[in-house]
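Just the heavy atoms: all of them, side chains too, but no hydrogens, waters or symmetry mates, feed the values below.
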Amino acid sequence: MKKKKWLSLVLVATGLLTACGAEKTDDKADAKPTVGVLQLVAHASLDASYDGFLEGLAENGYPEEKITLDYQNAQNDQANLKSMSEKLVKENPDVLLAIATPAAQALKNETSDIPITVTAVTDLVGAKLVADNDKPGANVTGTTDWAPVEKQIELLLSIVPDAKTVGIAYNAGETNSKIQADAAEAALKDAGVKAKVLTANTTNDVQQVITSLAKDVEAIYIPTDNTFATAAPVVGEVAKQTKTPVITGSVEQVENGALATYGIDYFSLGKTTGKMAAEILDGKKKPAEMPVQSAEEFTLVVNEEMAQALGIDKASIKQPK
């Protein structure tokens with residue numbers, strides 16, 4: 001009898017352990033995937049990237065209610081980037097999203113294991129985020145917001161064909177902005193137009209920079225620069241007061257104060273990144289083998305109110321060839 005009783009206890013205990021093990025497995029299977037997000041700063045282009053990312057996830061099987069989302073915004077503060085990236089990596093999410101180059105670099109510095117998707121980054125190779133755009137080779141991939149700078153300068157010169165000097169404004173501390181500014185200066189030189197370049201370190205400097213440029217130039221070019229994008233309404237007000245056409249790198253900058261662009265739709269770009277993140281969450285692909293994607297189409301956008309304020313016929317502004 002004792003032997004049978006002992007055997008029964010063993011069987012019961014084994015059954016309990018098996019049940020517990022099955023419960024844990026089911027819990028893991030039912031757990032929501034976690035997505036950590038680090039955004040450099042709040043402005044229209046980067047916000048659109050984030051919204052597009054969420055839609056890209058949702059359309060590919062991961063709506064917000066089916067994921068655990070940890071969103072962090074560094075408000076353009078380096079100390080915040082450091083602490084927030086540490087926090088996100090410590091939580092060990094299934095995938096990370098970095099919005100803008102400094103955010104991507106901050107996350108990359110914290111982990112070489114967790115998959116990182118990026119968007120609103122101009123030059124992933126130059127920023128040392130990937131080894132090669134076609135074969136990233138590590139834990140980072142995503143989308144580039146490289147804009148058609150030469151076409152944007154072509155647009156500017158079609159609006160102000162008699163321009164002798166064009167201003168270029170950007171934050172020299174943003175590597176990707178400098179790359180675009182240099183490309184714009186080269187395009188102006190090829191067209192026989194002089195460039196005057198001024199930079200701003202913070203949004204507080206933007207008004208002074210644009211006001212100063214407007215005194216000496218016939219038009220101003222601003223690349224996809226986070227500092228100037230954050231202060232886009234300020235740029236617009238100065239442009240109105242000084243009657244200076246401003247051409248920018250992104251659609252959102254035009255919607256918030258510039259005259260026109262032939263540029264990127266950041267929502268669409270973010271949506272592509274969301275699809276890539278979904279493929280990682282599905283276990284179908286790894287960042288190392290996922291080529292960096294770029295915008296397939298560029299859009300001519302004209303701010304009708306600004307065109308009217310500057311006395312420019314909106315219909316006369318044509319898409320570059």
Side-chain angles (χ1 to χ4, degrees), residues 35-40 45-46 48-50 52-53 55-57 59-62 85 89 93-152 174-184 186-187 223-226 249-251 262-299:
V35 179
V37 180
L38 181 60
Q39 181 171 327
L40 173 64
S45 296
L46 300 191
S49 295
Y50 178 56
F53 176 79
E55 181 156 316
L57 278 177
E59 288 186 0
N60 290 276
Y62 296 95
S85 59
V89 168
D94 295 288
V95 69
L96 288 160
L97 168 68
I99 307 176
T101 303
Q105 290 171 324
L107 285 176
K108 175 66 173 173
N109 287 340
E110 295 301 324
T111 179
S112 57
D113 300 317
I114 301 172
I116 301 173
T117 56
V118 308
T119 193
V121 174
T122 303
D123 185 357
L124 278 75
V125 175
K128 301 187 185 308
L129 295 170
V130 300
D132 182 270
N133 284 329
D134 292 327
K135 297 179 181 179
N139 65 318
V140 179
T141 190
T143 55
T144 170
D145 65 354
W146 183 266
V149 176
E150 293 78 8
K151 292 293 184 182
Q152 291 168 354
E174 294 191 29
T175 303
N176 292 333
S177 298
K178 185 176 186 333
I179 292 170
Q180 294 174 80
D182 289 346
T224 53
D225 180 279
N226 291 299
S250 75
V251 170
Y262 179 63
I264 289 171
D265 180 340
Y266 276 83
F267 182 88
S268 177
L269 202 66
K271 189 173 175 180
T272 299
T273 314
K275 180 181 178 181
M276 296 173 78
E279 290 176 327
I280 293 170
L281 290 174
D282 285 341
K284 294 178 180 178
K285 294 182 180 178
K286 295 181 179 180
E289 60 196 29
M290 300 174 74
V292 173
Q293 303 294 309
S294 58
E296 295 181 0
E297 296 181 0
F298 299 101
T299 308

> Can you check side-chain contact (heavy atoms from CB on, under 4.5 Å) on Leu46 and Tyr50, steps first, answer last?
Replying inline: CA-CA 6 Å; Leu46 300 191; Tyr50 178 56; over 6 Å; no

> Which atoms form the tightest heavy-atom contact between Tyr266 and Ser45, and what is the distance?
Replying inline: CB-O, 3.3 Å

> Taking all non-hydrogen atoms of both residues, which atom of Gln152 and which atom of Gly263 are closest, and how far apart?
Replying inline: NE2-CA, 4.0 Å

> Between atom NZ of Lys271 and atom OG1 of Thr143, what is the distance when rounded to the nearest 0.5 Å?
Replying inline: 13.5 Å

>> My understanding is that only one of Asn176, Asp123, Thr175, Thr122 makes a side-chain hydrogen bond (donor to acceptor under 3.5 Å, both in side chains) with Thr101; could you say which?
In response: Asn176

> Quick one: CG on Leu107 to OG on Ser85, what's the gap to the nearest 0.5 Å?
Replying inline: 5.5 Å

>> side-chain contact (heavy atoms from CB on, under 4.5 Å) for Met290 and Ile280? Distances and angles first, verdict last.
In response: CA-CA 10 Å; Met290 300 174 74; Ile280 293 170; 3.7 Å; yes

> Ser49: what forms a side-chain hydrogen bond (donor to acceptor under 3.5 Å, both in side chains) with it, not counting sequence neighbours?
Replying inline: none

>> Would you compute the distance between atom CZ of Phe53 and atom OG1 of Thr119 and round it to the nearest 0.5 angstrom?
In response: 9.0 Å

> OG1 of Thr141 to CG of Leu124: how many Å apart, nearest 0.5 Å?
Replying inline: 7.5 Å

> Do you know which two heavy atoms are closest between Leu40 and Ala103, and how far apart they sit?
Replying inline: N-CB, 4.1 Å

> Taking atom CG of Leu129 and atom NZ of Lys108, what is their separation to the nearest 0.5 Å?
Replying inline: 7.5 Å

>> Set out, in order, the CA-CA distance, both residues' side-chain angles and the distance that settles side-chain contact (heavy atoms from CB on, under 4.5 Å) for Tyr262 and Thr299, then state yes or no.
In response: CA-CA 5 Å; Tyr262 179 63; Thr299 308; over 6 Å; no

>> Just checking Glu289: does its CD atom have more than 12 heavy atoms from other residues, nucleotides or ligands closer to it than 6.0 angstrom?
In response: yes

>> How close do Val121 and Ala100 get, counting heavy atoms only, and between which atoms?
In response: CG2-C, 3.7 Å

> So, the side chain of Gln293 versus the backbone of Thr272: is there a donor-acceptor pair under 3.5 Å, distance only?
Replying inline: no

>> Are Pro287 and Pro115 packed together at the side-chain level, in the sense that at least one heavy-atom pair is separated by less than 4.5 angstrom?
In response: yes

>> Is it the case that over 12 heavy atoms from other parts of the model lie below 6.0 angstrom from the NZ atom of Lys275?
In response: no

> Taking all atoms of both residues into account, what is the closest heavy-atom pair of Thr144 and Ser294, and its distance?
Replying inline: CG2-CB, 3.5 Å

>> I need the minimum non-hydrogen distance between Phe298 and Ala147, along with the two atoms involved.
In response: CE2-CA, 4.5 Å

>> What verdict does the side-chain contact (heavy atoms from CB on, under 4.5 Å) test give for Phe267 and Val251, after you've listed the backbone C-alpha separation in whole Å, the side-chain angles of each residue and the deciding distance to 0.1 Å?
In response: CA-CA 10 Å; Phe267 182 88; Val251 170; over 6 Å; no

>> Quick test of your reading: applying salt bridge (Lys or Arg N to Asp or Glu O under 4.0 Å), list the pairs with at least one residue in residues 136-149, sequence neighbours left out, ordered by first then second residue.
In response: none

>> Just verifying a value: how many Å separate Thr224 OG1 and Gln180 CD, rounded to the nearest 0.5 Å?
In response: 3.5 Å

> Would you find a donor on one side and an acceptor on the other, under 3.5 Å apart, between the side chain of Thr117 and the backbone of Leu96?
Replying inline: yes

> Between Asn139 and Thr111, is there a donor-acceptor pair closer than 3.5 Å when you use the side chain of the first and the backbone of the second?
Replying inline: yes

